[in-house]
Amino acid sequence: MPLENVYAILPGSDPKLAKTIFIVSGHFDSRPSNVMDPEADAPGADDDASGVAVSAECGRLLSKAGTNGRGTYRATILFAAVSGRSKDCWEPRNLLEWAKQQGYTVGGMLDDDIVGADSAAGAPHRVRLFSGNGRN
């Protein structure tokens, strides 16, 4: 089936930084833990409608904030809902390739995944950070 990304852009206001893009994303695929079980339910809301909701809400809030409350930032910010992030899905990579084709340099990317899942209520919350060398 055809897969597409949905995105919104807040253009950067500083001519020196406008072509630097920061991406906030979530994915809207969902798959069961055992991908070989065609009868299993997929986790859905936690994996990962929650990340899409965070990306959309960040776009809404940041478009109203910014310098002097006008939603302007020195660098460009892209808010995305990508159709697929899990095994063998190419859409996030296609988004990065699109950004490069538009002349952007990716300054950073925050991919929100399974936001709000709390398997241990009352325990300390944790954030996991995965960082690469910028070559992918």
Exercise: identify the closest heavy-atom pair between V106 and A99: CG2-CB, 4.4 Å
Shared hydrophobic cluster, L96 / W98 (ILVMFWY, side-chain heavy atoms < 4.5 Å): yes
Between CD1 on residue I21 and CE on residue M109, distance to nearest 0.5 Å: 10.0 Å
Backbone N/O of K19 and side chain of T76: donor-acceptor pair under 3.5 Å: no
side-chain contact (heavy atoms from CB on, under 4.5 Å) evaluation trace for L95 with L78: CA-CA 10 Å; L95 177 64; L78 183 145; 4.1 Å; yes
Side chain to side chain contact (heavy atoms under 4.5 Å, CB included) against S55, all qualifying residues, sequence neighbours excluded: V24, F79
Distance in Å, C58 SG paired with D112 CG, rounded so as to fall on 0.5 Å steps: 6.0 Å
Contacts of Y104 that satisfy ring-ring contact (aromatic ring centres under 6.0 Å, His included) - sequence neighbours left out: none
Pairs meeting criterion salt bridge (charged side-chain N to carboxylate O under 4.0 Å, His left out) with involvement of residues 52-62, two or more places apart: E57-R60
Residues which pass side chain to side chain contact (heavy atoms under 4.5 Å, CB included) with L17, listed by chain and number, not counting sequence neighbours: D14, T20, R74, A75
Single-linkage hydrophobic cluster, 4.5 Å side-chain cutoff, Y73 and F22 together: no
Closest approach of S25 to D111 (non-hydrogen atoms, all atoms of both residues): OG-OD1, 2.9 Å
